[in-house]
Each structure stands twice: as structure tokens, then as C-alpha cells.
Amino acid sequence: MLRTGQPEMMERIPEQLLEDAAHDAEHLRLIRELNLVSYMAVPLRTPDSLLGVITFVSSSDVHLYGPEDLRLAEDLASRAAFAIEKAQLFRAAQQANEAKSRFLATMSHEFRTPLNAILGYSDLLEAEIKGPLNDGQKEQLSRLRRSAIHLRDLINDVLDLSRLEAGKADLRLGVFDLQDLVAHTVELVQPDATGKSLEVSTDISAAPARVNSDSGKLRQILLNLLSNAVKFTQKGSVKLSVRMEGESLAFEVRDTGIGIAPDQQRLLFEPFMQVDQSMTRTQGGSGLGLAVSQGLAQLLGGSITLVSEPGAGSAFTLHLPVIAPDVPIV
Ligand code: ADP
């Protein structure tokens, strides 16, 4: 049947068949003891291959297999083959994904070492330790640094994403001061915002003073959301507000920027997704920021949601479950 792929059925197994199948007398005795009366075999077939065969044997004179049984057996076999094929494809996809994550993790790790050297030496040059720089050199050095920092951020995003996908990201919970974290994070996007005359404000009056979470990961998420808000807003403002919503803490980053069309909104949390995929896109970026941020938010037990309208700005909200700080709030 593996050759022909055709089902087989024998309403009554002829004695001759058993005799032909047996190796010797003892073997024949054992086969007879099984009382094989009726038999059918159906192929486990997918559109591309024959995975195997299912054999049914009846050892009762009361039920001899007929065409009805064969149809049922064929139906069962095609469903089983479908399920097996799906499981095989799923396993192959999982293995490919693991290989991809391993490759990305190794590659980004290897890239980081020479890149840190580039950044380190450009720091030294900028500090003019080996001698003064003229204005032209300073300008070129600052471009070099911007490119190196961009590359480092990209590599860090890839590394973070592969760690998250491989389930290797670890949590470092601890109690920290929310106001400090918000202030330090906003400080990082302030220069870009000032350069575009955007007003950046924060409102944390309705938030607890101290929070128990992973401050590094929270800072990374907020920085991503804030830099996007500044990046995609040409005029107006960017506001970060933090408040309690039921049991969770909501961090809302609202901008007055270009906004996002409804059909794009869900896709943006997928890796490498960007609304403007053209070669002439004006904004830099890898399309990894939101995927990493969503992964980190889930690791913290929360999630990021988005409300946006093209032309009317966007509001990304991170919801975090709040674990009551186990040290007294001061
Ligand atoms: P990147 O910013 O590196 O492109 P992200 O994953 O952070 O990657 O964002 C993906 C895409 O989502 C961006 O390229 C942009 O098209 C869109 N986007 C994100 N934040 C905003 C925002 N605040 N306003 C408008 N579009 C946004």
C-alpha cells in the first residue's frame, strides 16, 4: 500500500493469507490465536506525501468490515494525516524560530563588542584628550557617534526581542521612586523635542509615589513610546500622564502627531512593522521598538494599547499591574 497509496479491505481474511504470512508453525499458531477475521488498511495521506498506513482488524465474526467501514476509516485517516502534518509543520516552525532567535542573539552580541569600542574611542576623541579638534572634525565626529548610537540601539532591540522570544528575559523587581523614573526618562527625549519646538509635559499627580516593578524595563518601554511620540509629531505637544486605573497603573503617552490609521494599529506591534515602509521614509527606526515594548510589558504582566486617529495624534497606554510595595511608602 505504501507503493500504491490505495486502501485495502478484506471482508474475510483467507486462511491462505495467514499461512503465507507466518514464518513457521509456531508463528502461525500465534497468528491464529489472534483470531483475525476481517481487515482493512487505509493510507495516511497528505497532499504532498504518504505518512503511513492505519490498519484495522476485526476479530469478531459478528462484525465483518464493509464499504461503509472503509469510508469511515478513510475519513479518520485523512483527519489524522492532517493533524500529524500540522503538528510536524508546527514543530518545524518552532525549530526555525529558535534557530533564528539563536542566530540573532549571537550576531547582535558579536556586533556589540566592536561597536562599544567605536563609541568608547569616539568619546575619547570628543573629550579632546589627544589634542583639540577643529569645528569640521567635531561635526563629523558627532555624525559618526549618531550613526554608531543608532546601530547600537538597533542591535539592543534585536537582542531584547530574541531574548523575549526565547523566554530568556529576566525580571528584576524592586521598589523605586516613580517621579525620578519619569523625570529621567523624559530628560532623554527633551533635546529632540526642543529641537522641534514641541512642548513635553508630565502629570503624575494621580499616581503612587513608589512602585514595585522592574524599573529598567519600565524605563525602556516609556522611552520607546516617548521617542516615537516625539519622532512622529511635527508640532504641538507630547504628554506623559500616570494614574491608577482600577488595580493597574496606566502610563499614557499622548501626542499631537501624524496619528495611525485603524488598519495599521494592530500590526505595529509586530516586529519590523512600520506605517511608512517606503525607501524614502523620512523617519529612521527599525520597526522593533513597539514589538520589544509590548513583549516587555507582557513580561511585567501588563500590555500596551493604542488609540489613534490619522492627523489627530496618538495615545499609547501601558497598563501595569501594581504589586503593593513591600516596604513602607515614605
Ligand atoms: P520604529 O519607530 O523604529 O519604526 P516602532 O516599533 O517603535 O519602530 O514603531 C513602528 C511604527 O509605528 C513606526 O515606524 C510608525 O510608523 C508607527 N508609530 C509608532 N509610534 C507612533 C506615533 N506616536 N505616532 C505615529 N506613528 C507611530
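Counting starts at 1 for both ligands and their atoms, in listed order.
Looking at L288 against ligand 1, only its backbone comes within 4.0 Å, counting heavy atoms. By the criterion of a heavy-atom distance under 4.0 Å, both the backbone and the side chain of L290 are placed next to ligand 1.
To the nearest 0.5 Å, the span separating CG on L164 from CD on Q294 amounts to 11.0 Å. Here the OG1-CZ distance, from T185 to F251, works out to 9.5 Å after rounding to the nearest 0.5 Å.
Between the side chain of D203 and the backbone N or O of S205, at least one donor-acceptor pair lies under 3.5 Å. No side-chain donor-acceptor contact under 3.5 Å links H109 to the backbone of A105.
Applying the 4.0 Å criterion to heavy atoms of L268 picks out, from ligand 1, the atoms 11 (C), 12 (O), 17 (C). Those atoms of ligand 1 that come under 4.0 Å of a heavy atom in F316, given as number and element, are 20 (N), 21 (C), 22 (C), 23 (N). Ligand 1 places these atoms under 4.0 Å from at least one heavy atom of K231: 1 (P), 2 (O), 3 (O). When each atom of ligand 1 is checked for a heavy atom of G287 under 4.0 Å away, the hits are 1 (P), 3 (O), 4 (O), 6 (O), 8 (O).
Between H23 and H27, the angle of the ring planes stays under 30°, which puts this pair in the parallel group of the 30/60° scheme.
For the side-chain contact (heavy atoms from CB on, under 4.5 Å) criterion with L296, the lone passing option out of I304, I221, L318 is I221.
Here's the thing with G259: none of its N/O atoms is less than 3.5 angstrom from an N/O atom of ligand 1.
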